[in-house]
Number of protein chains: 2
Amino acid sequence: MTNRSVITGKPRRPEERPAEILAAALELFAEKGFSATRMDEVAARAGLSKAGVYLYFKDKTALLKALVNEMAGANISVARGIVEAHEGPVSPLVATILAFLAGQVRHTRFPELIKIVISESRAHPEVGQLYLDGVVRQGLPLFEGLIRRGIASGEFRNVDPSFAAKAMLGPMLLAVIWKTVLEPIGAEALDIEAYAAQHAQIFLKGIQS
Amino acid sequence: MTNRSVITGKPRRPEERPAEILAAALELFAEKGFSATRMDEVAARAGLSKAGVYLYFKDKTALLKALVNEMAGANISVARGIVEAHEGPVSPLVATILAFLAGQVRHTRFPELIKIVISESRAHPEVGQLYLDGVVRQGLPLFEGLIRRGIASGEFRNVDPSFAAKAMLGPMLLAVIWKTVLEPIGAEALDIEAYAAQHAQIFLKGIQS
DNA sequence: GTTATTACTGACCGGTTAGTCATAATGGAA
DNA sequence: TTCCATTATGACTAACCGGTCAGTAATAAC
């Protein structure tokens, strides 16, 4: 009848629990980092007890794995869509992709997750592995392909596609670290979109024939 | 007479203790990360007991601070030397500096320290602060100055020096993360010097008039 | 209603480890 | 030789926290 727990006042909705827990975990991980986040806090923010969390997730790492998986999948498929849908000269794609990434850095929790993966991959190699397989090994070839297309069409010089892809992404990684590590301790804010645009311009001119 | 501790067999040399302890800490931090390194291990590797370490360093964080300070000072002063000693056209300096950085990434513990700073700066903001003040706020202006010189001399286009400096360093940060995070979990090795050279070529062409 | 099932919780435990402290060894000075 | 400042240590503790579990509340089934 009541469908509500007497104690918490919260509705019971087992199907939504995992998503609620993950949302709470993502917020807390982003705010305080993975190790500094207590399972009790995740539970409290999700509106149940710590033991309740373990009904839905095997352990703390499972939370992180689920989050990495989720965000990896989402981002990569969008990026792939952008790249594969594009026809004609690839040059404009460089700026488009970098602007897309800038938006992700600015408006999503992607940067925080990357930082957490960097921090935790030694202690939790499965998490690093997930990121390597789900993001790096999906994303880099995408950009390498883009470079190759440009070389094939004569737009780009004969650069090493693997190196060039990394040189294209490196500055965005710097933006991620700037935002998640340096800004919180007092570094001047970085205008990520403008930065990405400037980088796109330099990079494009740098690889053009 | 003997000048040796009966128990450890090691010579007593209080003046060298701090350096020995730091060397041990650096090795271990690089191998296993900061939090995973136990004070007992640092002590053992340095050849004394844990309590002994606390005779020379206030706490665990003090070890990390000392290491960051040390390496920051060393690297920045060398880089400054390279940049300031250079006369004539600045274009060649871009490749020189990037090659120098590639060497540092490949042959020193700098990458591991950066990774640790990234990982620990939320829990130990003083460490992050040290890095921000000692490396970022020393290093970036150096590169910005280089860009400005190039613009003033007409070698470079009128790019934003702050953005351009970050775009120049970003790919090296990617190399750092690649080496310290991805390679240990199975990513293919990155030829850092070749990568830096390719990036230098692209970047230089990208900012030239 | 009564029973069975699912969802949930409070209290607890075991392992871990930074940092402390009372005490001891050391070696130079007198 | 004796002293004592310095250098060192083993043993300890206090706090923390992931994960477990015995039991309870809510819902569904009959």
Side-chain angles (χ1 to χ4, degrees), chain A residues 1-22 24-25 28-29 31-67 116 120 122-124 126-127, chain B residues 1-22 24-25 28-29 32-67 116 119-120 122-124 126-127:
Chain A
M1 303 287 147
T2 135
N3 199 31
R4 298 199 172 243
S5 154
V6 163
I7 292 167
T8 65
K10 279 220 153 195
R12 295 195 149 207
R13 34 191 177 181
E15 331 72 34
E16 303 175 22
R17 284 299 201 200
E20 291 173 346
I21 293 167
L22 285 180
L28 285 163
F29 291 170
E31 277 168 31
K32 352 190 347 172
F34 179 74
S35 349
T37 297
R38 308 292 142 225
M39 288 301 271
D40 274 317
E41 301 176 285
V42 174
R45 192 167 298 196
L48 38 48
S49 67
K50 181 172 69 163
V53 173
Y54 285 90
L55 259 27
Y56 298 96
F57 294 91
K58 188 181 160 295
D59 53 25
K60 199 182 179 188
T61 312
L63 292 176
L64 184 51
K65 287 195 214 168
L67 289 171
I116 290 168
E120 302 298 329
R122 184 131 26 189
H124 306 278
E126 334 95 71
V127 175
Chain B
M1 303 288 146
T2 138
N3 198 32
R4 296 192 176 249
S5 154
V6 162
I7 291 167
T8 65
K10 278 220 154 197
R12 294 198 147 205
R13 35 190 177 183
E15 330 71 36
E16 303 175 20
R17 283 298 200 201
E20 291 173 346
I21 294 168
L22 285 180
L28 286 163
F29 290 170
K32 352 190 346 172
F34 180 74
S35 353
T37 297
R38 308 293 143 223
M39 289 300 272
D40 272 318
E41 300 177 284
V42 174
R45 192 166 298 196
L48 38 47
S49 68
K50 183 174 68 162
V53 173
Y54 285 90
L55 258 28
Y56 298 96
F57 294 93
K58 188 181 158 293
D59 53 25
K60 200 182 176 186
T61 311
L63 292 177
L64 184 51
K65 286 196 216 165
L67 289 171
I116 290 168
S119 304
E120 303 297 331
R122 184 127 30 185
H124 306 279
E126 334 95 71
V127 175

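In what follows, chains are A, B, ... by sequence order, proteins preceding strands, each numbered from 1.
- Side-chain contact between A:F34 and A:V127: absent, with no pair of heavy atoms (C-beta onward) separated by less than 4.5 Å.
- No donor-acceptor pair under 3.5 Å is formed between the side chain of B:K60 and the backbone N or O of B:R38.
- B:R45 has its side chain out of reach of B:E20: every pair of non-hydrogen atoms, C-beta onward, lies at least 4.5 Å apart.
- B:R122 places a side-chain N or O within 3.5 Å of a backbone atom of A:E31 that can act as its donor or acceptor partner.
- There is a side-chain donor-acceptor pair under 3.5 Å between A:S35 and A:E120.
- Atom-to-atom, CG of A:L55 to P of C:dT5 comes out at 17 Å; the value is rounded to the nearest Å.
- Side-chain contact between A:L63 and A:M39: present, with at least one pair of heavy atoms (C-beta onward) separated by less than 4.5 Å.
- From one end of the helix from C:dG1-D:dC30 to C:dA30-D:dT1 to the other, with five pairs defining each end axis, the axis direction shifts by 10° (rounded to 10°).
- The side chain of A:Y56 places an N or O atom within less than 4.0 Å of a non-bridging phosphate oxygen (OP1 or OP2) of C:dC8.
- A straight line from CG of B:L48 to P of D:dT9 spans 5 Å, rounded to a whole angstrom.
- Here A:F29 contributes atom CZ and A:E41 contributes atom CD; the two are 10.0 Å apart, rounded to the nearest 0.5 Å.
- B:A43 approaches B:V53 most closely through the heavy-atom pair CB-CG2, 3.6 Å.
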Extract from the structure each pairing of a protein N or O with an N or O of nucleotides 16-20 of chain D at less than 3.5 Å, listing the distance.
unit_1 : atom_1 : unit_2 : atom_2 : d
D:dC17 : OP1    : A:R38  : NE     : 2.6
D:dC17 : OP1    : A:R38  : NH2    : 2.9
D:dC17 : O5'    : A:R38  : NE     : 3.4
D:dG18 : OP1    : A:R38  : NH1    : 2.8
D:dG18 : OP1    : A:K60  : NZ     : 3.4
D:dG18 : OP2    : A:M39  : N      : 3.2
D:dG18 : N7     : A:K50  : NZ     : 3.0
D:dG19 : OP2    : A:Y54  : OH     : 3.0
D:dG19 : OP2    : A:K60  : N      : 3.0
D:dG19 : N7     : A:K50  : NZ     : 2.7
D:dG19 : O6     : A:K50  : NZ     : 2.5

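- In this entry the distance linking CD of B:E41 with P of C:dT17 reads 8 Å, nearest Å.
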